[in-house]
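Predicted, not measured: the structure shown is a model, and the values here were computed from it.
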Amino acid sequence: PTTASAVGITVVNKTPWPDAQVYLTALGLKDGRWSFLRSDGSTAPINHLAKYDPGHLTKNGVSYPNMSFTLAQTSGRPVAVPPAFESARLWVSLGAPMYLGVADDDRGWAGPNPANPTDPNNDVPYEWSEFTNDAARSSFGINVTQVDQFTFPTTVRLQAPGYDRTVGLVGTRADAFAAYNASVGTPFRALAGPLRILAPRTSPLFGVGGAYGTYLDGPIAAAWSALGRTDAKPTTAQVFGCSGPVLATDAQLCAALNRGVATGDWRAVSGFYPAGVAHNDYAAFFHAASISGKAYGFAYDDVLDQSSYLATNAAGGKQVTMTVSW
């Protein structure tokens, strides 16, 4: 891409699946409406009636709009991102497209939920990234994320005039799973299934009433005492989810609790995830395993620039290279 508004996304397939079995699905806001991206860079508004169109998707007796295209359909060309395509998600799925429901009023859609045992995507290997393109400001940003789950290694490289950075996880899936299981505590090893590793915020094991639903109660109580707080303490699930009346609006505190430093130095990156203090082992692993230590292991991992978010306002074309491995 050469013009200021041009962004191209190239997906490099290093999996055993042929390009005809590597699916891309991108949904974003275009002119204020949720729309999906086609292989030629054009968009169309989401439409729940598309589940009746020829070529629609069906799984477990339920029909879905077909909003995916295969890597083979791009013919090796970068996928062009429209000049204004914002708050977008890009899924890469292997062997099957993404099954995404659309609301009857066409104002929203249902993404995959690995915590739901009936979700139609549970047997589909997928990873997803977030991106936004605001050409009016020559602004583009993208990240890889493990905030919900991890299935296979993905890297993203963003190039623009004067800018070239890469984030993500390299290597094989088998190596990543083995390293994860070797580095995290017993409760977090329970998150690793045959297909994906769930984030603690996604798994009922760390929810209220779950087997590890009180895992962070000790550090939470210690932090409330040290900070002299008198408001209601969050639950373990609310810490992992950065949710609830306290943590949904206090990113700094939520990050400190996930990193195990709520009673110490919140800003000393080298001291995050200390031994002997209960913390988010899942997030700690993905930081240790990822390029430059950057990862989205929990919702507010961007506190102190620890996330895998790449962004540039550089004038001129921008190129994204996403590499997926197995």
Side-chain angles (χ1 to χ4, degrees), residues 92 114-115 125-130 143-156 166-207 210-213 215-216 218-220 236-242 251 254-262 264 266 268-310 323-326:
V92 179
Y126 65 82
E127 285 290 328
W128 60 277
S129 297
E130 300 166 312
N143 65 262
V144 291
T145 179
Q146 294 87 34
V147 72
D148 289 329
Q149 60 96 53
F150 168 80
T151 303
F152 50 85
T154 303
T155 64
V156 169
T166 303
V167 293
L169 196 73
V170 298
T172 69
R173 179 178 181 274
D175 286 347
F177 270 64
Y180 175 85
N181 284 317
S183 68
V184 302
T186 299
F188 293 86
R189 286 198 292 273
L191 297 171
L195 181 58
R196 54 178 47 92
I197 304 172
L198 295 182
R201 81 172 204 157
T202 305
S203 171
L205 290 172
F206 288 89
Y212 305 112
Y215 183 79
L216 291 178
I220 293 168
T236 289
Q238 288 172 337
V239 172
F240 287 135
C242 292
C254 189
L257 287 165
N258 272 277
R259 294 165 176 165
V261 294
W266 293 14
V269 175
S270 62
F272 291 171
Y273 308 108
V277 179
H279 54 250
N280 189 336
D281 287 20
Y282 173 91
F285 167 75
F286 284 105
H287 281 283
S290 297
I291 295 171
S292 301
K294 305 293 188 180
Y296 254 123
F298 61 91
Y300 289 150
D301 224 345
D302 49 351
V303 171
L304 294 178
D305 190 30
Q306 294 305 293
S307 76
S308 54
Y309 181 64
L310 303 177
T323 302
V324 296
S325 304
W326 186 264

Any heavy-atom pair between the side chains of [Y] and [X] that's under 4.5 Å?
| X | Y | answer |
| --- | --- | --- |
| Arg196 | Tyr126 | yes |
| Phe240 | Asn258 | yes |
| Val261 | Pro274 | yes |
| Thr155 | Ile291 | yes |
| Gln238 | Leu216 | no |
| Val156 | Ser129 | yes |
| Tyr273 | Asp281 | no |
| Tyr296 | Asn143 | yes |

Please report the interatomic distance [atom1]([X]) to [atom2]([Y]), rounded to the nearest 0.5 Å.
| X | Y | atom1 | atom2 | result |
| --- | --- | --- | --- | --- |
| Thr151 | Phe177 | OG1 | CZ | 6.5 Å |
| Thr166 | Leu310 | OG1 | CG | 7.5 Å |
| Thr202 | Gln146 | OG1 | CD | 11.5 Å |
| Leu257 | His279 | CG | NE2 | 13.0 Å |
| Ile197 | Leu191 | CD1 | CG | 8.5 Å |
| Asn280 | Phe188 | CG | CZ | 5.5 Å |

What are the two closest non-hydrogen atoms of [X] and [Y], and how far apart are they?
| X | Y | result |
| --- | --- | --- |
| Gly168 | Val144 | CA-CG2, 3.9 Å |
| Gly241 | Ala299 | O-CB, 4.5 Å |
| Pro153 | Leu169 | CB-O, 3.3 Å |
| Arg259 | Val303 | NH2-O, 2.9 Å |
| Pro125 | Leu195 | CG-CD1, 4.0 Å |
| Tyr300 | Ala251 | CD1-CA, 3.2 Å |

salt_bridge(Asp305, Lys294) N-O dist < 4.0 Å:
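Yes, Asp305 and Lys294 are salt-bridged.
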Val92 and Thr154: CA distance, side-chain angles, deciding distance, side chain to side chain contact (heavy atoms under 4.5 Å, CB included) verdict
CA-CA 10 Å; Val92 179; Thr154 303; over 6 Å; no
If the condition is side chain to side chain donor-acceptor pair (under 3.5 Å), which residues does Thr186 pass it with, not counting sequence neighbours?
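So Thr186 forms a side chain to side chain donor-acceptor pair (under 3.5 Å) with Arg189.
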Under the side chain to side chain donor-acceptor pair (under 3.5 Å) rule, collect the residues that match up with Thr236, sequence neighbours excluded.
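Residues passing side chain to side chain donor-acceptor pair (under 3.5 Å) with Thr236: Asp217.
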Polar side-chain atom of Ser308 near backbone of Val167 as donor-acceptor pair, under 3.5 Å:
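No; zero donor-acceptor contacts below 3.5 Å.
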Between Glu127 and Thr145, does a side chain to side chain contact (heavy atoms under 4.5 Å, CB included) hold up when you go through it step by step?
CA-CA 8 Å; Glu127 285 290 328; Thr145 179; over 6 Å; no
Partner set under side chain to side chain contact (heavy atoms under 4.5 Å, CB included) for Thr172, not counting sequence neighbours:
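So Thr172 forms a side chain to side chain contact (heavy atoms under 4.5 Å, CB included) with Ala174, Asp175.
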All side chain to side chain contact (heavy atoms under 4.5 Å, CB included) counterparts of Val269, not counting sequence neighbours
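Per chain and number, Val269 pairs via side chain to side chain contact (heavy atoms under 4.5 Å, CB included) with Phe272, Gln306.
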Contacts of Phe285 that satisfy ring pair (Phe, Tyr, Trp, His ring centres under 6.0 Å) - sequence neighbours left out
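Tyr180.
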Set of ring pair (Phe, Tyr, Trp, His ring centres under 6.0 Å) partners for Phe286, sequence neighbours left out
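Listed in chain order: Phe150, Tyr282.
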